[in-house]
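See below for the structure under consideration.
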Amino acid sequence: MLDQQLLRNEYKSIGKKLKFRGLDFDESAFENLESRRKSIQSDTESARNRKNHLSKQIGSAKASGADVSELMGQVDRVGAELETLEKQFTEVQEEFQAFLSEIPNLAHESVPVGQSEDENEEIRKVGEPRSFAFQPKDHVSIGEQLGMLDFQLGATLAGARFVVIRNQLAALHRAISQLMLDVHTREHGYEEVNPPFIVNAGILYGTGQLPKFEEDQFHLKDARDFYLIPTAEVPLTNIVKDRIVDLSELPMKFVAHTPCFRKEAGSYGKDTRGMIRQHQFEKVELVHIVKPDESYLALEELTSNAERILKLLGLPYRVVVLCTGDMGFSAAKTYDIEVWLPGQQKYREISSCSNCEGFQARRMKARWRNPVTRRPEPVHTLNGSGLAVGRTFIAIMENYQNEDGSIDIPEVLVPYMGGTKRIEL
RNA sequence: GGAGAGGUGGCCGAGCGGUUGAAGGCGCUCCCCUGCUAAGGGAGUAUGGGCAGCCCCCAUCGAGGGUUCGAAUCCCUCCCUCUCCGCCA
């Protein structure tokens, strides 16, 4: 959520900036809503003020034994007036909240302006795609040939966009997440967290998935308004919800390995082959909670922490900065890390690292006490995949494949595989 | 599942129908004292919102309703925490 004060004072220039993000900000609708809000709010508050005063007078009059019937009549009239005003005020407030909660974050000034992913900018490229002496296969062919990747069974057990990973490949998948957790906790200073995989609606509101992206979430059929998490960003970031954290607690750095559940509602027909886009996948997620003036440094750190995994695994990748039109709802700036997939002859997203600045913090009421202003101010929150386990798994299969259909295990993973150096039939 | 207790400011903790937005303590900030990180004295210190701003106004004592001229205090519903018993991975 944007800073309300800022929006009120600078809605014209903010409206223009939001256009870059693909939102058509209706200026006159906002002006209209604001002027209604203002007059109703001040009327309501002054009526309440009169009522409060009268009630106090009644109290002291009664104490001194005076007659209060005149005052009672007055308070009756004010009370009736207040009732209708309060109703109107509640309505206009809800309208304002609904309006505000669907506005995306503003892009940082360093973010390139653009409409779609075509206008993202490559920042750096690391590693060279391997040249194969044979036609490299994609992970689906490799996995099915090994009999360790079963999409048919996934469909039987659940439906489309599910897979069953078996045997040595399942072990590889597990090894990858263990390596990531170990590197981030032991070498990058993250606190390991094992959060709930189910959260309530208020938590999803805090990180920005609700109310606008309800259709992407798996909503449980239960009276308690439960949702499956679409990413560990949700529970990890909300660790500071409703808190005023002490300066000494910052920065906080959390890492968690969790399943992620997504409906992929808007992606019919996209990435239907293979494991690229599943309803359930695993991810190792990194979250930073930091002081505002350190958040852009933290974004670089977080991104490099994610890159480190790709370097250890020897996978070629590139880093792109997303343009204004391609960024997620809550982000002010996002780096995507894309890994080379020989099966597709393409770089594909394997991590997305974002600085959300105070956008999520304002929704969550997550604050720190600024020693300069002595006031509570929103913290800055960042998140990034470190990395998506399923996609890392695919990348290893495709990049480390041999002509005979076997897969070499990257050296760093061998200890996590009980010494296995190659997966073969 | 059964039986109890409880949810108050950054934290701890009083208050149980009206000068209580909330005692007291801790913490924090400033000042004084003290020949130097101890002790003592004084002052200040909730959050959000209205407003260009305020010593002004409004809201907030888990959440939502209700009773009342007036609710942190009374009633109802829900959520959460703790203790004991039962059950269970």
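All chains are named by letter (A, B, ...) in the order of the sequence lines, taking the proteins before the strands, and each is independently numbered beginning at 1. What you see is a predicted model, and the numbers here were worked out from it, not measured in a lab.
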What's A:Arg77 touching, base or sugar-phosphate or nothing? Going by heavy atoms closer than 4.0 Å.
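The answer is nothing, as A:Arg77 stays clear of every strand by at least 4.0 Å.
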Tell me what A:Pro371 touches on the nucleic acid: a base, only sugar-phosphate, or nothing, going by heavy atoms under 4.0 Å.
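A:Pro371: no heavy atom of the nucleic acid under 4.0 Å.
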Counter-base of [N], judged by Watson-Crick or G-U geometry with both distances under 3.5 Å:
N     : result
B:A72 : none
B:A59 : B:U47
B:G1  : B:C85
B:C33 : none
B:G6  : B:C80
B:A14 : none
B:A52 : none

d([atom1], [X]; [atom2], [N]) in whole Å:
X        : N     : atom1 : atom2 : value
A:Asn370 : B:G10 : CG    : P     : 16 Å
A:Glu86  : B:G65 : CD    : P     : 10 Å
A:Glu34  : B:G50 : CD    : C1'   : 11 Å
A:Arg243 : B:G9  : CZ    : P     : 14 Å
A:Lys365 : B:G48 : NZ    : C1'   : 8 Å
A:Asn9   : B:G49 : CG    : P     : 12 Å
A:Phe96  : B:G49 : CZ    : C1'   : 11 Å
A:Leu100 : B:G49 : CG    : P     : 12 Å

Pairwise [atom1] distance, [M] and [N] [rounded to whole Å]:
N     : M     : atom1 : result
B:C26 : B:G40 : P     : 9 Å
B:G42 : B:G49 : C1'   : 34 Å
B:A59 : B:G64 : P     : 14 Å
B:G7  : B:C78 : C1'   : 14 Å
B:C75 : B:G41 : P     : 43 Å
B:G21 : B:C28 : P     : 29 Å
B:C11 : B:C61 : C1'   : 16 Å
B:C54 : B:A46 : P     : 15 Å

Identify which one of A:Asn120, A:Val320, A:Val319 satisfies the side chain to side chain contact (heavy atoms under 4.5 Å, CB included) criterion when paired with A:Asp336.
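Option passing the side chain to side chain contact (heavy atoms under 4.5 Å, CB included) with A:Asp336: A:Val320.
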I need a per-nucleotide contact map over nucleotides 56-62 of chain B, read 5' to 3'. Cutoff is protein heavy atoms under 4.0 Å; write B for the base, S for backbone only, - otherwise.
-BBS---
Footprint string (nucleotides 67-82 of chain B, 5' to 3'): B base within contact, S backbone only, - free, heavy atoms under 4.0 Å:
--BS------------
Are A:Phe197 and A:Phe261 near enough that their ring centres are under 6.0 Å apart?
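No, the ring of A:Phe197 stays outside the 6.0 Å limit from the ring of A:Phe261, centre to centre.
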A:Phe329 side, atom CZ; A:Gln360 side, atom CD - distance, nearest 0.5 Å:
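Answer rounded to 0.5 Å: 10.0 Å.
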Would you give the length of the straight line joining atom CG of A:Asp26 to atom OH of A:Tyr11, rounded to the nearest 0.5 angstrom?
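Output value for this atom pair is 11.5 Å.
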Take the angle between the ring planes of A:His279 and A:Phe162 and call it parallel below 30°, perpendicular above 60°, tilted in between.
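Answer is tilted, since the angle falls between 30° and 60°.
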Is the ring pair A:His184/A:Tyr190 parallel, tilted or perpendicular, if the boundaries are 30 and 60 degrees?
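It falls in the perpendicular class, over 60°.
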Taking side chain to side chain donor-acceptor pair (under 3.5 Å) as the cut-off, I'd like each qualifying pair that reaches into residues 361-373 of chain A, sequence neighbours left out, listed once.
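Matches after skipping sequence neighbours: A:Asn370-A:Glu377, A:Thr373-A:Glu377.
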Quick one: salt bridge (Lys or Arg N to Asp or Glu O under 4.0 Å) partners of A:Glu86, sequence neighbours excluded?
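A:Glu86: salt bridge (Lys or Arg N to Asp or Glu O under 4.0 Å) contacts with A:Arg48.
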Which is more 5' along RNA chain B, the nucleotide nearest A:Ser60 or the one nearest A:Arg369? Just name the residue.
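First, find each residue's nearest nucleotide; the 5'-ward one identifies A:Ser60.
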Return the 5'-most residue of the pair A:Ser42, A:Arg367 with respect to RNA chain B, ranking by each residue's nearest nucleotide.
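Residue closer to the 5' terminus by nearest nucleotide: A:Arg367.
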Looking at A:Arg348 and A:Glu398, does any basic side-chain N land under 4.0 Å from a carboxylate oxygen?
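No.
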Tell me whether A:Asp408 is salt-bridged to A:Arg422, with the criterion being a basic N under 4.0 Å from an acidic carboxylate O.
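Answer for the salt bridge query: yes.
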Of all residues at least two apart in sequence or in a different chain, which pass the side chain to side chain donor-acceptor pair (under 3.5 Å) check with A:Lys253?
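Residues passing side chain to side chain donor-acceptor pair (under 3.5 Å) with A:Lys253: A:Glu301.
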Going by the rule side chain to side chain donor-acceptor pair (under 3.5 Å), which residues pair with A:Arg166 if we only count those two or more places apart in sequence or in a different chain?
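Side chain to side chain donor-acceptor pair (under 3.5 Å) check on A:Arg166 returns nothing, list empty.
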If only side-chain N and O atoms of A:Gln5 are considered, is one of them under 4.0 Å from the OP1 or OP2 phosphate oxygen of B:G50?
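So the side-chain polar atoms of A:Gln5 do come within 4.0 Å of the phosphate oxygens OP1 or OP2 of B:G50, strictly under.
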